[in-house]
Amino acid sequence: MLKVEELVVAYGGIEALKGISLEVPAGKIITLIGANGAGKSTLLRTIIGLVKPKSGRITYNDKDLTGLNSQKIVTTGITLVPEGRRVFSNLTVWENLKIGAYMRKDEAEIAKDVAWIYSMFPRLEERSWQLAGTLSGGEQQMLAVGRALMSRPRLIMMDEPSLGLAPLVIKDIFRIIQEINAKGMTILLIEQNANMALKIADWAYVLETGRITLEGTGSDLLANPEVRDAYLGKKKS
Amino acid sequence: MAKKRNLILTVILLAGLFGLAWYINFETDSYLRRIVNLCMVYAIIGLSMNLTNGFTGQFSLGQAGFMAIGAYAVGIFTVPVSLRPSVFYAAPMHPAIADIHMPLWLALIVGGLCAALVAFLIGAPVLRLRGDYLAVATLGFSEIIRIVITNAQTITNGALGIKDIPPLNDVRYIFAFTAAVFIFITALINTSYGRAFKAIREDEIAAEAMGIDLFKHKSLAFMLSAFFAGIGGGLYAALLGTVDPKNFLFTLTYNFLLIIVLGGMGSITGSMIGSILVTAGLEFLRIFDEPLELFGVAIPLFRPGFRMVIFSVLLMALVLFWRRGIMGTREFTWDKTIAFCKNPFGIFGRKGVDKA
């Protein structure tokens with residue numbers, strides 16, 4: 001579905017991504033783990049068109065996305081749940097969802113999708129007229145996911161959805177991710193919480209300072225001693 | 001159901017206010033009429049500035065320049081052709097425009113469109129800047145507009161200004177324009193464009209990731225803001241009866257910045273409240289400018305200029321205690337008003353929820 005080939009991204013003279021290639025097949029959950037500064041967020045921001053790559057190619061269903069602007073990329077069916085949630089805090093929950101559907105014009109279908117999201121997150125419905133900034137961290141994350149779903153994406157990219165949330169809430173979020181996936185949406189998940197992310201992943205990549213150093217199924221990587229040592233905080237046995 | 005009720009209430013309110021405008025127009029003295037007119041014109045310009053600064057979050061300080069364009073459009077096109085030689089006595093008016101005469105409403109719209117066009121041209125380079133840089137650049141352009149006007153002698157009569165603009169004193173006329181502008185902007189804010197403006201204000205990166213074209217929307221907000229500032233400036237000129245480049249110094253912009261900061265950045269209701277407070281408030285404080293004797297002793301502080309001291313102290317207090325302006329980003333709504341009437345004390349209980 002999504003293919004990244006030899007992607008190089010540089011901020012000024014510093015290369016954040018030094019030529020990485022990966023593939024996201026349709027209907028799967030693909031995870032990318034890595035430490036701070038490994039280039040995880042840069043990759044997502046490049047795919048959605050917020051950052052322009054220096055070289056390399058991004059293709060989506062055989063369509064070249066490299067260098068397109070965000071508006072065009074969003075209409076192809078890719079969406080980003082940005083790091084740190086980034087909900088529009090002085091707008092109501094409902095307005096946030098409506099902005100998620102910004103590129104769509106079919107009002108009746110939009111209303112249906114709002115109802116669908118409310119049925120998935122009843123907490124959001126209760127708070128429909130509340131300002132998004134007054135929600136708890138977990139609710140904001142739900143809103144960010146809901147907002148992303150409003151564009152009817154086929155590929156959802158999530159940038160550290162567990163950031164700053166309590167363990168119980170993180171469990172909830174991961175359950176939702178699996179639910180969304182079961183509905184046929186492809187997910188590209190970026191996480192520092194490697195344990196949770198690898199457990200639900202069909203395929204996973206390890207990113208280190210701009211390069212992919214390891215890849216394999218989620219369970220393989222969970223068992224891999226190097227990964228355990230570096231990302232799961234467990235001593236080699 | 002509730003929607004229909006709110007619409008009916010809004011229509012009744014507008015009719016009531018129009019009736020009030022009618023009453024003020026015929027039954028009160030010219031001093032009160034002038035204050036009411038100024039309140040409304042300032043509210044239009046304040047609201048136009050709120051569109052870029054409050055709703056779209058782009059800190060622009062170019063309002064005086066756009067007002068000047070609107071004001072000069074009214075000045076140039078509404079002065080009767082027979083009076084023009086006496087107005088343009090230093091250098092005759094350029095022959096291309098010397099015989100064009102327009103009714104006020106048309107001149108207002110032409111002025112608004114000219115201002116929007118200039119905003120479009122300025123916006124292309126300037127709206128790529130953010131925050132303070134944008135403020136400085138728009139401030140600079142506003143001064144450039146004023147200086148161009150000062151030097152275009154055959155069109156604008158240069159530094160002499162234009163006098164003999166047919167005076168506008170009809171409260172109803174200005175009320176109609178004010179109501180139209182407020183209705184338009186309220187409607188705009190509730191469309192997907194309005195939501196996109198607010199999304200840009202809240203978080204540009206998230207807005208862009210949603211597929212919102214940042215530049216297109218910033219440019220649109222800037223042009224609409226200039227359009228309404230132009231109309232406001234035109235009404236201001238018609239109200240004064242003269243225009244002079246010195247009226248449109250960049251310091252004029254700060255009046256409107258004051259209005260929107262006081263009323264609430266990003267609140268339509270707030271723009272109206274801010275405008276009334278600043279314009280009418282300054283008038284009511286005039287008692288402090290007059291000498292006061294208490295028990296035969298003249299209080300020394302009461303002298304011309306003292307009201308500005310009081311005004312500044314009040315402003316400071318307001319900004320300290322109401323950091324986000326009187327309305328913040330909230331609006332007057334019928335639902336809230338009715339809920340308040342049903343349970344006037346409920347507001348104390350709900351405050352905690354609002355702030356949480």
Side-chain angles (χ1 to χ4, degrees), chain A residues 41 44-45 47-51 68-92 94-105 107 110 127 129-136 140 143-144 147-153 156-159, chain B residues 2-3 6 50 53-57 128 186 188-220 264-268 270 323-325 327-331 333-336 339 350-356:
Chain A
S41 302
L44 292 198
R45 296 175 62 154
I47 295 174
I48 200 79
L50 294 173
V51 180
L68 286 185
N69 60 18
S70 306
Q71 290 88 266
K72 292 215 177 84
I73 293 171
V74 171
T75 43
T76 63
I78 302 181
T79 185
L80 172 70
V81 180
E83 184 179 6
R85 305 182 273 276
R86 287 184 181 265
V87 294
F88 303 115
S89 41
N90 278 317
L91 270 62
T92 64
W94 181 80
E95 281 178 312
N96 267 274
L97 293 178
K98 287 286 274 186
I99 289 169
Y102 178 76
M103 300 303 287
R104 294 166 55 188
K105 297 283 168 258
E107 287 297 327
I110 291 174
R127 288 158 171 67
W129 294 103
Q130 213 167 302
L131 296 186
T134 65
L135 301 180
S136 74
Q140 286 190 13
L143 179 58
R147 183 180 65 182
L149 288 174
M150 284 302 292
S151 67
R152 286 220 173 156
I156 303 188
M157 306 192 292
M158 297 195 191
D159 197 345
Chain B
K3 249 185 187 169
N6 291 350
N50 223 336
N53 294 36
F55 287 105
T56 320
R128 299 185 191 279
T186 311
L188 176 77
I189 290 304
N190 290 316
T191 62
S192 70
Y193 283 107
R195 280 192 292 274
F197 291 160
K198 289 193 270 186
I200 291 171
R201 170 189 72 195
E202 295 296 316
D203 193 324
E204 289 199 3
I205 290 175
E208 202 177 1
M210 296 294 116
I212 293 171
D213 188 334
L214 293 185
F215 182 73
K216 187 182 120 191
H217 283 89
K218 285 184 190 174
S219 180
L220 184 70
M265 294 273 247
S267 169
I268 296 171
R323 206 155 283 188
R324 305 191 53 209
M327 294 298 285
T329 55
R330 282 163 302 184
E331 296 290 353
T333 61
W334 288 114
D335 295 335
K336 276 188 218 160
R350 274 200 34 214
K351 242 185 180 157
V353 181
D354 283 342
K355 275 184 186 165

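Reminder, nothing fancy here: chain letters follow the sequence lines and each chain counts from 1. Here the structure is a predicted model, which means the values were calculated and not measured.
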**Asked** Among A:Ile78, A:Val81, A:Ile99, which residue forms the greatest number of heavy-atom pairs with chain B at distances under 4.5 Å?
**Response** A:Ile99

**Asked** How close do A:Arg86 and B:Ala206 get, heavy atom to heavy atom, and via which atoms?
**Response** O-CB, 3.5 Å

**Asked** Under 3.5 Å, is there a donor-acceptor pair between the side chain of B:Glu202 and the main chain of A:Asn90?
**Response** yes

**Request:** Any chance you could measure A:Leu131, atom CG, to B:Arg330, atom CZ, to the nearest 0.5 Å?
**Result:** 9.5 Å

**Item:** Separation between NZ of A:Lys72 and CG of B:Asp213, rounded to the nearest 0.5 Å
**Value:** 9.5 Å

**Prompt:** Which heavy atom in A:Leu80 sits nearest to a heavy atom in B:Ala209, and how many Å separate them?
**Reply:** CD2-CB, 4.3 Å

**Distance-minimising heavy-atom pair for B:Ala199 and A:Leu91** = N-CD2, 4.4 Å

**Request:** With rounding to the nearest 0.5 Å, note down the distance linking CG in B:Leu214 to CD in A:Gln71.
**Result:** 7.5 Å

**side-chain contact (heavy atoms from CB on, under 4.5 Å) evaluation trace for A:Leu50 with B:Glu208** = CA-CA 8 Å; A:Leu50 294 173; B:Glu208 202 177 1; 3.3 Å; yes

**Prompt:** What is the minimum heavy-atom distance between B:Met210 and A:Tyr102, and which atoms define it?
**Reply:** O-CB, 4.4 Å

**Message:** Heavy-atom cut-off 4.5 Å, strictly under: side chain, backbone, both or neither for A:Arg45 against chain B?
**Reply:** side chain

**Request:** Indicate yes or no: at least one non-hydrogen side-chain atom of B:Ile205 is less than 4.5 angstrom from one of A:Glu83.
**Result:** no

**Asked** Any idea which of A:Ser151, A:Gly100, A:Ser89, A:Ala148 has the most non-hydrogen atom pairs under 4.5 angstrom with chain B?
**Response** A:Ser89

